[in-house]
Amino acid sequence: MEPKFISIKGARENNLKNVDVDIPKNSLVVITGPSGSGKSSLAFETIYAEGQRRYVESLSSYARQFLNLQEKPDVDSITGLSPAIAIDQKTTSKNPRSTVGTVTEIYDYLRVLFARVGIVYSPATGEPIQSQSASDMVKKLRQFPDGTKFYICAPVIRGQKGEHVKEFLEYKKAGYSRFKINGELYEGDSLPKLDKNKKNEIEIVVDRIALSDDIGNRLADSIETSLRLADGILHVEVVSFPQECNGKFKIGENFIEEKQILVMSEKFSCPVSDFTLEEIEPRIFSFNSPFGACRACDGLGTEKYFNIDLVVPNQNLSLADGAILPWTRSNPRYYRQIMESLAAHFKFSITTPFKDLSNEVKHMIMHGSNDEIQFTFSDDFRKYTVARKFAGVMEDLSKRHDESDDDSGVDYEKYQNLIACRVCNGYRLREASLSVKIYDKHIGEVSRMTVLEAHEWFSDLSKHLTKTQNEIATRVIKEIKERLTFLLDVGLDYLNLDRSSSTLSGGESQRIRLASQIGSGLSGVMYVLDEPSIGLHQSDNTKLIKTLKNLRDMGNTVLVVEHDEDTMHEADHIIDVGPCAGSAGGYIVAEGDVEHIKSHKDSITGKFLSGREKIDVPLARRKYGNSQKITVVNAHEHNLKNITVDIPLGMFVCVTGVSGGGKSTLIIDTLYQAINNKINGSSKTPGLHDKITGIENIDKIIEIDQSPIGRTPRSNPATYIGAFNHIRDYFTALPEAKARGYKPGRFSFNVKGGRCEKCQGDGVLTVEMHFLPDVYIVCDACKGKRYNRETLEVKYNGKSISDVLEMTAEEAHEFFKNIPSIKDKFKAMKDVGLGYIKIGQQATTLSGGEAQRIKLSKELCKKATGNTLYILDEPTTGLHSCDIKKLLEVLHTLVDYGNSMLVIEHNMDVIKTSDYVIDIGPKGGMAGGIVVAKGTPEEVVTVKNSITGQYLAKYLPKHEEKAKKSDKAKKIADKI
């Protein structure tokens, strides 16, 4: 019989304390506990790692070379394991060609659908176009004057890799003696050897024809032969026209020139515009294929352009003072003379501030003029005048950017931004691919829909197809609708199918992969998920939990590392790891159903679930009327509906709303980018808006997001917060180090001198195993300590520099308690709940939430100046309720020092403690983008349209209870 439990004995991975636990199979199991208590060590590094390792080991050695073989976790035994699939928070892809549609395979089905039932429309007339017959082609070529010479070619190989030796032999045996290979003409006895790894274009030259009245049926025969050889496609190269044509000839509205290649097809061709579509195959709808990608943007959908706001960042400066920034850094004398000549011709002054110049003069400076202008130049030897037109700053910068190299000294790209490609309008595909439509929409327009809009469109599509089209499309539409339904079920209805994967949050990426797994229909699998509720509004939690249960009901075991209370209430089994973080964690505190956890006296999770422990609502809130404000006027980026939003300063402000409502677009893309450009000189384009007022009320703006603190294993918390420099300086000042003449670089593992050179400071050696994954072993020279013997001999209180890096933040805080410059930095880490993190831990192993809190601790270390605007994006990610309580104390302390806190958050415990709430919605995607409610939490819950308010109400005390607060509340309110 199949075992009913996954039984773990003696798990010791990381901080786990010889843990024994039985996990019921085919159940929804939540593993919870304080941050750093050992949840991920149990779920991912023990259970998942062993499940995946055993599955991979069952494969052949050939198959294993393509897979990443996990190391065996530190555990005595695990029985009852199933094949394991991890669905974590890592972003799906950083590739700009990866989209929601491609990741979910919806776009692949779309390509098949458009290739099989799409109708071709002429870009010129807008009318459906039909295929051409051989007679139509003959008739068209007969319109050219007598004496016109053609090559009639059959494109037999189109974009295929290979040497094609066999094909050449067959064609030569059939009597063909001339070929065009990749555009070059070759005789049959002198063919080049082709690179088998490159895609090639091969055409058979079927005939060479000079038009005349006596050629009979030769033209028709050659065309029919070519169409037969190339499956209905024909290339006609115009070699030459009669001399009197001067190299070109007009047919209809179009001029045909010598050497031009006419593409004709038995399939689709417009007789009015000469538009021809060679084929309708799925590959012409792929923006990753040369057959479908827009030629201008190469399928990326974007192009770079010089932004006037970056070229002229300070419009208070005059042209003489260097308003045009890139010109001041490249031959300023030459460009000043150009400006003086322009000023003399157009009658303006180069000492006038740029903002005060007329719009006509500004446009002329940026985009040029057709006037003939006398430019006067002088150098050290002569003075001369040149008469010419002025192309404009933008064209000059474009030319210099194209001609520049790394040694030019000017980084032209810093003055550029991305915009939608002006050729394909951001659809990524060439015009011919976008000419194929279904129900009046081309594939780019369907891809631009949200998941919800696409689901509604496909649900209605069959009514608008013919009987034949429906027979062809039924199965494809069914597959597309199923995948869209799965995305709806996990709360991703607001995502556009063409949205780049690199812009998705970790939670969104995880839910997309979760939806894909449901679609796979597997059973008997163990799924391990890492906080799938991240980034989800409370209103979407029900959908997510239903999805997890569906996965369980298909016969799978679902392990979820989670802090969300709703998920715990719906779980079949809960494992509470703790009781604290780091070395004080690693035990199974309690396990059972939610009622058992609630009643367990030692479970911190149970205390919060039962209400014995909670995050209190403040007795009084900071008053909005007393504060200054920043105002974003008419924000209209993405789905924002021209909203004007006041953001109070000197307060704790929460921006809330359903996922996809527009919170990040307003706060990160618009507000932060605009202020960051103004205060810090950044060059990123903010979201569309009219203006932002009140920026003068703040001195600094700091965004603390969840991006990694470093992208290499050499980066760690100690180096990031700046503590390691002080530690190295302190070790350098020790008597032993002074006696040996050691400098601070001696204690760095990144440079030669003090590090172990065998492992170059990594502490491990990489052994290549050919068809097996690389094996990492502890360096036998330094025993994993990273430094050489001489460096490790220098010690402080019995600890070497390597020993210090192995300490947790809490241990380091105690160890350096007499050294304020170091102690204070680790105290900041403790204050944000990261006392359990090893200060030398590789940055690449930190979660998004841990990275964000390390950034926050770095800011806490800095001297408080007040008037700083902090922007945090979901700082509760990965935090237990007890950790959120600590974090809120830190954040509110920062506000008490005169700073402003602007937090994008879904967590109701955070929202209820805020002074002011801005609720964006009411729904996601195009159904969002407006301010639904604003004010104190008590005011937001009274707004009927606020979904956030509906869920927030149960977290606030009743109004009559609040009215009975003691005089203490009044005193606090007066003080604030």
Side-chain angles (χ1 to χ4, degrees), residues 35 88-91 490-492 494-495 503-512 529-541 544 561-567 615 647 652-672 702-709 832-834 846-857 859 869-888 890-892 894 901-914 916-921 924 928 937 947-948 951-952 955:
S35 305
D88 57 21
Q89 295 172 32
K90 290 182 176 144
T91 303
V490 293
L492 295 176
Y494 59 91
L495 288 182
T503 66
L504 297 173
S505 69
E508 287 169 337
S509 300
Q510 185 176 201
R511 291 196 294 281
I512 282 177
L529 292 89
D530 187 9
E531 286 201 82
S533 66
I534 286 175
L536 266 189
H537 191 270
Q538 290 280 59
S539 61
D540 292 319
N541 255 7
L544 176 64
V561 176
E562 188 58 271
H563 297 293
D564 178 64
E565 290 188 10
D566 291 341
T567 309
I615 296 172
I647 297 162
F652 191 111
V653 179
C654 267
V655 182
T656 65
V658 297
S659 306
K663 304 183 297 298
S664 295
T665 301
L666 173 66
I667 302 303
I668 306 296
D669 299 343
T670 304
L671 174 73
Y672 170 72
I702 296 169
E703 181 200 14
I704 304 175
D705 60 15
Q706 295 181 23
S707 60
I709 62 170
V832 296
L834 293 178
L846 296 169
S847 70
E850 288 170 338
Q852 186 177 34
R853 294 198 299 284
I854 287 175
K855 293 176 185 178
L856 179 60
S857 67
E859 295 303 324
L869 174 59
Y870 292 94
I871 296 179
L872 282 75
D873 189 359
E874 292 196 72
T876 60
T877 297
L879 287 185
H880 190 274
S881 295
C882 63
D883 300 304
I884 293 174
K885 194 170 185 177
K886 292 180 191 173
L887 179 66
L888 284 172
V890 173
L891 298 182
H892 277 282
L894 281 172
M901 192 67 57
L902 186 57
V903 181
I904 300 172
E905 190 56 82
H906 292 295
N907 186 286
M908 293 297 164
D909 280 324
V910 175
I911 299 169
K912 75 180 184 184
T913 67
S914 64
Y916 193 84
V917 177
I918 301 169
D919 192 35
I920 309 291
I947 298 175
T948 301
Y951 284 87
L952 182 60
Y955 286 80

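Below, each value reflects all heavy atoms present in this structure, side chains not excepted, and no hydrogens, waters or symmetry copies. Position 1 is the first residue of the sequence, and the numbers go up from there.
- Taken from OG in Ser857 to CD in Glu850, the straight-line distance is 11.5 Å, to the nearest 0.5 Å.
- A heavy-atom distance below 4.5 Å is not found between the side chains of Ile534 and His906.
- The backbone N or O of Thr665 sits less than 3.5 Å from a side-chain atom of Thr670, completing a donor-acceptor pair.
- Applying the salt bridge (Lys or Arg N to Asp or Glu O under 4.0 Å) test to Lys885 and every residue at least two apart in sequence or in another chain returns Glu613.
- Contact between Glu859 and Ile702 at its shortest, heavy atoms only, is OE1-CD1, 2.9 Å.
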**Message:** For Phe652 and Leu888: C-alpha separation, side-chain torsions, deciding distance, then whether side chain to side chain contact (heavy atoms under 4.5 Å, CB included) applies.
**Reply:** CA-CA 10 Å; Phe652 191 111; Leu888 284 172; 4.1 Å; yes

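- Of the possible donor and acceptor atoms, none in the side chain of Glu508 sits under 3.5 Å from a partner among the backbone N and O of Gly535.
- A distance of 7.5 Å separates CD1 of Ile871 from CD1 of Ile904, quoted to the nearest 0.5 Å.
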**Prompt:** Checking side chain to side chain contact (heavy atoms under 4.5 Å, CB included) for the pair Leu952/Thr656: CA distance, chi angles, key distance, verdict?
**Reply:** CA-CA 11 Å; Leu952 182 60; Thr656 65; over 6 Å; no

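- Here the closest heavy-atom approach between residue His892 and residue Thr913 is recorded as CE1-O, 3.3 Å.
- Between Leu504 and Leu495, the closest side-chain pair of non-hydrogen atoms falls below 4.5 Å.
- For the atom pair CG (Asn907) and CG (Leu887), the distance works out to 10.0 Å, reported to the nearest 0.5 Å.
- The shortest heavy-atom contact between Lys663 and Val655 is CD-O, 3.8 Å.
- Interatomic distance, Leu536 CG to Thr567 OG1, rounded to the nearest 0.5 Å: 9.0 Å.
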**Request:** Go through the steps for Thr877 and Glu531 under the test side chain to side chain donor-acceptor pair (under 3.5 Å), then give the verdict.
**Result:** CA-CA 8 Å; Thr877 297; Glu531 286 201 82; over 6 Å; no

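- Taking all atoms of both residues into account, the shortest heavy-atom contact from Ser539 to Val658 is OG-CG1, 3.8 Å.
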**Message:** Could you go through Leu891 and Leu872, starting from their C-alpha distance and side-chain angles, then the distance that decides it, and tell me whether this counts as side chain to side chain contact (heavy atoms under 4.5 Å, CB included)?
**Reply:** CA-CA 10 Å; Leu891 298 182; Leu872 282 75; 4.0 Å; yes

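- Of the possible donor and acceptor atoms, none in the side chain of Gln538 sits under 3.5 Å from a partner among the backbone N and O of Asp566.
- Using a 4.5 Å heavy-atom threshold, the side chains of Ile668 and Asp705 count as separate.
- Residue Ser533 holds its OG atom at 11.0 Å from CD of Glu565, rounded to the nearest 0.5 Å.
- Nearest heavy atoms, Pro937 versus Val917: CG-CG2, 4.0 Å.
- Between Leu902 and Leu671 there is a side-chain heavy-atom pair separated by less than 4.5 Å.
- With contacts defined as side-chain heavy-atom distances shorter than 4.5 Å, the pair Pro875/Ile704 does not qualify.
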**Message:** With side chain to side chain contact (heavy atoms under 4.5 Å, CB included) as the criterion, how do Ser659 and Asp540 come out once you've worked through the C-alpha distance, each side chain's angles and the decisive distance to 0.1 Å?
**Reply:** CA-CA 8 Å; Ser659 306; Asp540 292 319; 3.9 Å; yes

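- His537 and Tyr951 have perpendicular rings, their planes meeting at more than 60° on a 0 to 90° scale where under 30° would count as parallel.
- Proximity of Asp909 to Thr876: side-chain heavy atoms (C-beta onward) are nowhere separated by under 4.5 Å.
- Listed for the Asp883 side chain is a donor-acceptor partner under 3.5 Å among the backbone atoms of Ser35.
- Here the shortest heavy-atom pairing between Lys912 and Tyr955 reads CD-O, 3.6 Å.
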